[in-house]
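In what follows, residues are counted from 1 in the order of the sequence shown. Worth knowing before you read on, the calculation uses all heavy atoms, side chains too, and leaves out hydrogens, waters and symmetry mates. Predicted model only: the values in this text are computed from it and were never measured.
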Amino acid sequence: MIIVLYVAAGLIMAVGSLFFAWRNREFRKFLAGAFFVSSGSLFYLFVAEVSVPLLGTDFVETPLVSGGRSVVHFILFLVCLYFGFIRQPKT
């Protein structure tokens, strides 16, 4: 049951973030910073070989999963950086 709640919360947050990012340049700037910090902390967990348990479940996120997530978050950081800071909005 807890996994279903995690998936539902993740989908709701993802759809909400995409909606606001599509419409608001300032939100894309915020997401760029958030993805940068997230990719750095996930990369640290990968390098330090720290396993992270998922709250309320028996699942454990391995360092390899943290490394993969850090790459994805860094790519999302670059996308948000481009569309939030570098590319000028069309008038």
Side-chain angles (χ1 to χ4, degrees):
M1 180 65 182
I2 194 82
I3 297 298
V4 173
L5 292 175
Y6 273 132
V7 170
L11 285 174
I12 290 170
M13 291 174 63
V15 169
S17 293
L18 287 174
F19 174 75
F20 285 116
W22 184 267
R23 305 189 69 133
N24 191 346
R25 185 171 189 214
E26 295 300 316
F27 193 74
R28 289 189 296 264
K29 290 179 182 180
F30 167 76
L31 284 179
F35 281 129
F36 180 74
V37 170
S38 177
S39 68
S41 62
L42 288 168
F43 183 71
Y44 173 78
L45 292 174
F46 170 69
V47 171
E49 296 182 4
V50 175
S51 296
V52 180
L54 188 59
L55 184 66
T57 66
D58 293 332
F59 295 116
V60 176
E61 180 181 318
T62 64
L64 190 60
V65 173
S66 293
R69 287 183 62 204
S70 73
V71 170
V72 171
H73 282 221
F74 189 74
I75 291 169
L76 290 172
F77 157 68
L78 292 176
V79 169
C80 289
L81 178 75
Y82 175 73
F83 287 109
F85 288 98
I86 298 171
R87 183 172 178 229
Q88 296 301 321
K90 296 178 182 177
T91 57

Quiz prompt | Spatial distance of atom CZ (Arg28) from atom CZ (Arg25) [nearest 0.5 Å] | solution = 7.0 Å
Quiz prompt | Other residues, nucleotides, ligands: >12 heavy atoms within 6.0 Å of Phe43 CZ | solution = no
Quiz item: Between atom NE2 of His73 and atom CG of Leu78, what is the distance when rounded to the nearest 0.5 Å?
Solution: 13.0 Å
Quiz item: Roughly how far apart are Ser70 OG and Tyr44 OH, rounded to 0.5 Å?
Solution: 14.0 Å
Exercise. Search all heavy atoms of Gly84 against all heavy atoms of Lys29 and return the closest pair with its distance.
Key: O-CE, 3.1 Å
Exercise. Please report the shortest heavy-atom distance between Ser51 and Val60, naming the atom on each side.
Key: CB-CG1, 3.6 Å
Practice problem: Under the side chain to side chain contact (heavy atoms under 4.5 Å, CB included) rule, what do Val79 and Phe35 come out as? Steps first, then yes or no, please. | Solution: CA-CA 10 Å; Val79 169; Phe35 281 129; over 6 Å; no
Practice problem: Check the angle between the aromatic planes of Phe77 and Phe36 and answer parallel, tilted or perpendicular using the 30° and 60° thresholds. | Solution: tilted
Practice problem: Would you indicate whether Leu64, at its atom CG, is surrounded by more than 12 heavy atoms from other residues, nucleotides or ligands within a distance under 6.0 Å? | Solution: no
Quiz item: If you count the non-hydrogen atoms of other residues, nucleotides and ligands that lie under 6.0 Å from CG in Leu55, is the total more than 12?
Solution: no
Quiz item: Atom CG in Leu31, atom CG in Leu76: separation rounded to 0.5 Å?
Solution: 9.0 Å
Exercise. Can you measure from OH (Tyr6) to CG (Leu11) and round to the nearest 0.5 angstrom?
Key: 15.0 Å
Practice problem: Working to the nearest 0.5 Å, report the span between CZ of Phe83 and CZ of Phe27. | Solution: 16.0 Å
